[in-house]
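Remarks on the structure that follows.
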Amino acid sequence: MTEASSSIPIEGKRAPAFTLANESGDKVRLSALKGAPVVVYFYPKDSTSGCTVEAQEFRDRMAKFSKAGVQVFGVSPDSAAMHCKFIEKQSLNFSLLVDEGHKVCEKYG
């Protein structure tokens with residue numbers, strides 16, 4: 001088992017910790033959200049066809065997520081500036097986190 005695969009989240013177990021900057025440069029620390037439902041999804045690149053569809057689907061379902069108290073975060077290696085453009089262009093209503101170097105992505109397998 002590799003180091004990356006040894007920390008892949010398992011339902012009911014603690015997810016690997018991370019702190020990443022969002023599109024505004026604010027730090028998002030997973031441990032600060034402990035006890036709250038959170039969706040963290042990973043995608044390879046802003047503004048590509050598949051990633052755009054995925055982000056739009058989260059956007060279009062945010063009312064249901066919010067009603068259930070769920071926070072949603074997208075994670076990719078793109079810069080904060082690219083995330084800002086993507087959020088604006090797609091009218092996204094959730095934060096995108098910057099994972100330069102793919103370190104958190106690798107933690108999650």
Side-chain angles (χ1 to χ4, degrees):
M1 185 181 295
T2 66
E3 182 180 330
S5 66
S6 66
S7 63
I8 293 173
I10 298 170
E11 187 173 342
K13 301 291 182 183
R14 186 181 307 243
F18 67 79
T19 301
L20 293 172
N22 68 9
E23 70 281 351
S24 301
D26 299 323
K27 299 290 184 184
V28 174
R29 184 180 313 262
L30 185 62
S31 63
L33 304 170
K34 184 178 179 179
V38 176
V39 170
V40 178
Y41 80 94
F42 295 85
Y43 65 101
K45 187 156 180 58
D46 293 340
S47 299
T48 58
S49 59
C51 298
T52 297
V53 169
E54 185 176 32
Q56 291 168 339
E57 289 179 4
F58 277 108
R59 176 200 65 204
D60 295 346
R61 290 170 175 79
M62 276 307 294
K64 289 181 181 181
F65 283 117
S66 295
K67 186 175 180 180
V70 177
Q71 292 186 58
V72 174
F73 298 96
V75 180
S76 89
D78 289 317
S79 69
M82 291 203 46
H83 283 341
C84 285
K85 290 177 187 175
F86 189 45
I87 287 169
E88 183 176 340
K89 184 174 182 179
Q90 299 303 323
S91 300
L92 301 182
N93 47 9
F94 55 90
S95 279
L96 301 178
L97 307 180
V98 179
D99 184 22
E100 292 184 69
H102 299 95
K103 290 179 183 177
V104 173
C105 181
E106 288 176 18
K107 273 182 153 179
Y108 278 73

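As the structure is a prediction and not an experimental result, all values here were calculated from the model.
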N/O donor to acceptor pairs below 3.5 angstrom from side-chain atoms of residues 20-27, sequence neighbours left out:
{"unit_1": "Asn22", "atom_1": "OD1", "unit_2": "Ser24", "atom_2": "N", "d": "2.8"}
{"unit_1": "Asn22", "atom_1": "OD1", "unit_2": "Gly25", "atom_2": "N", "d": "3.1"}
{"unit_1": "Asn22", "atom_1": "OD1", "unit_2": "Asp26", "atom_2": "N", "d": "3.0"}
{"unit_1": "Glu23", "atom_1": "OE1", "unit_2": "Leu96", "atom_2": "N", "d": "3.0"}
{"unit_1": "Glu23", "atom_1": "OE2", "unit_2": "Ser95", "atom_2": "OG", "d": "3.4"}

Fill in the blank from the handout: For residues 48-58, the side-chain hydrogen bond (donor to acceptor under 3.5 Å, both in side chains) pairs (sequence neighbours left out) are Gln56-Gln90
Handout entry: Same apolar cluster: Val72 and Tyr43, side chain cutoff 4.5 Å
Key = yes
Exercise for the section: Applying side chain to side chain contact (heavy atoms under 4.5 Å, CB included), run through Phe86 and Asp78 and close with a yes or a no. Expected result: CA-CA 10 Å; Phe86 189 45; Asp78 289 317; over 6 Å; no
Exercise for the section: Side-chain contact test, heavy atoms from C-beta onward, threshold under 4.5 Å: evaluate it for Gln71 versus Leu33 and give yes or no. Expected result: yes
Problem - Gap between atom CG of Leu97 and atom NE2 of His83 - 0.5 Å precision - result: 7.0 Å
Handout entry: Flag, side chain of His102 to backbone of Pro77, donor-acceptor distance under 3.5 Å
Key = no
Fill in the blank from the handout: When rounded to the nearest 0.5 Å, the distance separating CZ of Phe18 from OH of Tyr108 is 5.0 Å
Practice task
Is it possible for you to say whether Val38 and Phe65 belong to one hydrophobic cluster, with membership spreading through side-chain heavy-atom contacts below 4.5 Å?
Solution key: no
Handout entry: Main-chain N/O of Cys51 paired to Lys45 side chain as donor or acceptor, under 3.5 Å
Key = no
Exercise for the section: Please tell me if the side chains of Phe42 and Val104 come closer than 4.5 Å, counting only heavy atoms from C-beta onward. Expected result: yes
Problem - In one Ile/Leu/Val/Met/Phe/Trp/Tyr side-chain cluster, 4.5 Å: Phe58, Val98 - result: no
Handout entry: hydrophobic_cluster_shared for Met62 and Leu92, side chain cutoff 4.5 Å
Key = yes
Handout entry: Point-to-point distance, once rounded to the nearest 0.5 Å, from CD of Glu88 to NZ of Lys85
Key = 10.0 Å
Handout entry: Minimum side-chain heavy-atom gap Val39-Phe94 below 4.5 Å
Key = no
Completion exercise
On a heavy-atom basis, the closest approach of Gly69 and Pro37 is O-CG, 3.5 Å
Handout entry: Any donor-acceptor pair under 3.5 Å from Asp99 side chain to Val75 backbone
Key = no
Problem - Residues Lys34, Arg14; criterion side chain to side chain contact (heavy atoms under 4.5 Å, CB included); working and verdict - result: CA-CA 10 Å; Lys34 184 178 179 179; Arg14 186 181 307 243; 4.2 Å; yes
